[in-house]
Amino acid sequence: MATNEELQQQLDAVREEMRQLRAQLRGSAPAGTARVLTRRNLLRAAPVAALGGALTAMAASPAAAATGQPLLLGRDNTAGSDTTTLESPLTLNGRVWAAGISLTGIALNTNGSASVAIQNLAGGTSLDVSGGFAEGQTGDAIHAGASGAVAVAAVATDAPVRFSPDIRPGTAVTASADRGHALVAATSSTTTSEDAVTIDYAGTSRAVYAQSHNPANINGTVTGVNEGHGTGVWGEQRNNTGPGFGVVGVGGSQGRGAQFTGGVAQARLVPGRSSTHPVTGKTGDLYVDSAVRLWFCTRASAGSTAAVWKQIG
């Protein structure tokens with residue numbers, strides 16, 4: 001009985017004959033190499049072909065395209081340490097999962113679900129994108145556009161700390177830059193009534209926090225400029241059940257809490273609805289009543305004791 005090695009040799013010989021016959025039919029067989037597959041050779045090939053599946057299973061080699069072979073659809077493809085390159089544009093309708101992928105250009109279309117889902121199971125950065133660059137030219141790292149929808153949606157969830165009851169909160173968006181703008185938001189329509197930036201905050205700290213660290217910076221940390229007839233900076237406190245401030249200005253030991261400049265008036269106090277000053281007040285309060293009289297609080301109210309007001313105008 002023939003050994004596995006002998007059967008493999010016979011199978012290889014039959015495959016070589018088949019290859020030469022195919023080449024001969026195409027008119028490209030190498031000179032002096034083509035041999036006719038005789039009836040005797042066919043009979044000899046029969047048991048070898050029957051054992052082909054068993055030999056393939058024994059070899060445990062995957063049905064895949066290896067280095068130097070054509071790309072096979074519906075099969076795993078590998079190029080070893082080489083790179084497999086697709087010359088033509090690639091369009092995929094469906095979902096792509098890849099442990100690693102490097103593409104010059106790709107168009108992905110899907111219905112309902114994400115076109116590309118990327119996850120780093122090791123807990124690192126899932127997607128790192130660098131802007132296109134060449135000598136004297138640069139490009140956006142990511143350019144996102146959406147028709148009637150959100151161009152970019154960033155959602156960060158809390159995660160439990162391993163072996164600890166603590167929770168690590170996530171950050172939805174982090175933007176940093178060396179010299180350029182860290183974040184730019186622009187709305188091009190001149191007729192839109194939508195806000196350019198909206199922030200919905202449910203916590204107990206600040207909805208927006210901005211801090212400038214440069215001691216030589218004399219510009220406003222937060223600046224509002226309105227080129228129309230509106231307000232540069234608007235501050236509003238809506239809770240009517242307790243005290244609060246629409247705008248607060250605090251200066252350092254050598255600074256001032258606020259500064260106002262205006263061609264018509266430096267500041268304006270809108271007259272209130274009361275015919276006189278309030279019963280309560282804090283020291284330093286200014287109030288203009290409905291009769292346009294200006295009152296200044298010289299002593300704050302305390303409990304049932306009313307505040308002391310002095311008319312100054």
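Linking ILVMFWY residues whenever their side-chain heavy atoms come closer than 4.5 Å, directly or via other members, places Val197 and Val208 in the same cluster. Placement of Val308 and Ile312 in two distinct hydrophobic clusters is found when ILVMFWY residues are connected by side-chain heavy-atom separations under 4.5 Å, directly or transitively. Transitive grouping of hydrophobic side chains (ILVMFWY, heavy atoms separated by less than 4.5 Å) brings Val292 and Leu294 into a common cluster.
Annotation: the span from Ile118 atom CD1 to Thr125 atom OG1 amounts to 12.0 Å, rounded to 0.5 Å. If you take OG on Ser126 and CG on Asp128, they are separated by 10.5 Å, rounding to the nearest 0.5 Å. Atoms NE2 and NZ, on His277 and Lys310 in that order, are 13.0 Å from each other to the nearest 0.5 Å. Phe296 contributes atom CZ, which lies 8.5 Å from atom CG of Asp285 (distance to the nearest 0.5 angstrom). A distance of 10.0 Å separates OG of Ser130 from CD1 of Ile142, quoted to the nearest 0.5 Å. Here OG of Ser275 is found 7.0 Å from CG of Asp289. Values are rounded to the nearest 0.5 Å.
Between Val279 and Trp309, the shortest heavy-atom contact is O-NE1, 4.3 Å. Of all the heavy atoms in Ala146 and Ala149, the pair that sits closest is CB-O, 3.6 Å. Shown here for Thr221 and Ala210, the closest heavy-atom pair between the two residues is CG2-O, 3.5 Å. Of all the heavy atoms in Thr174 and Thr171, the pair that sits closest is OG1-CG2, 3.5 Å. When all heavy atoms of Val129 and Ala141 are compared, the pair lying nearest together is CG1-O, 3.0 Å. When all heavy atoms of Ala172 and Ala154 are compared, the pair lying nearest together is O-CB, 3.4 Å.
For Ile199, the CD1 atom sits in a packed shell: over 12 heavy atoms of surrounding residues, nucleotides or ligands are nearer than 6.0 Å. Around atom CZ of Phe245, no more than 12 heavy atoms belonging to other residues, nucleotides or ligands sit under 6.0 Å away. Under a cut-off of 6.0 angstrom, the local environment of CD in Glu5 is sparse, with at most 12 non-hydrogen atoms contributed by other residues, nucleotides or ligands. The environment of CD in Gln254 is sparse: at most 12 heavy-atom neighbours from other residues, nucleotides or ligands sit within 6.0 Å.
Under the 3.5 Å distance criterion, the side-chain polar atoms of Ser189 are matched with a main-chain donor or acceptor of Thr191. Ser290 contributes a side-chain N or O that, together with a main-chain N or O of Ser274, makes up a donor-acceptor pair within less than 3.5 Å.
A side-chain donor from one of Thr241 and Asn239 sits under 3.5 Å from a side-chain acceptor of the other.
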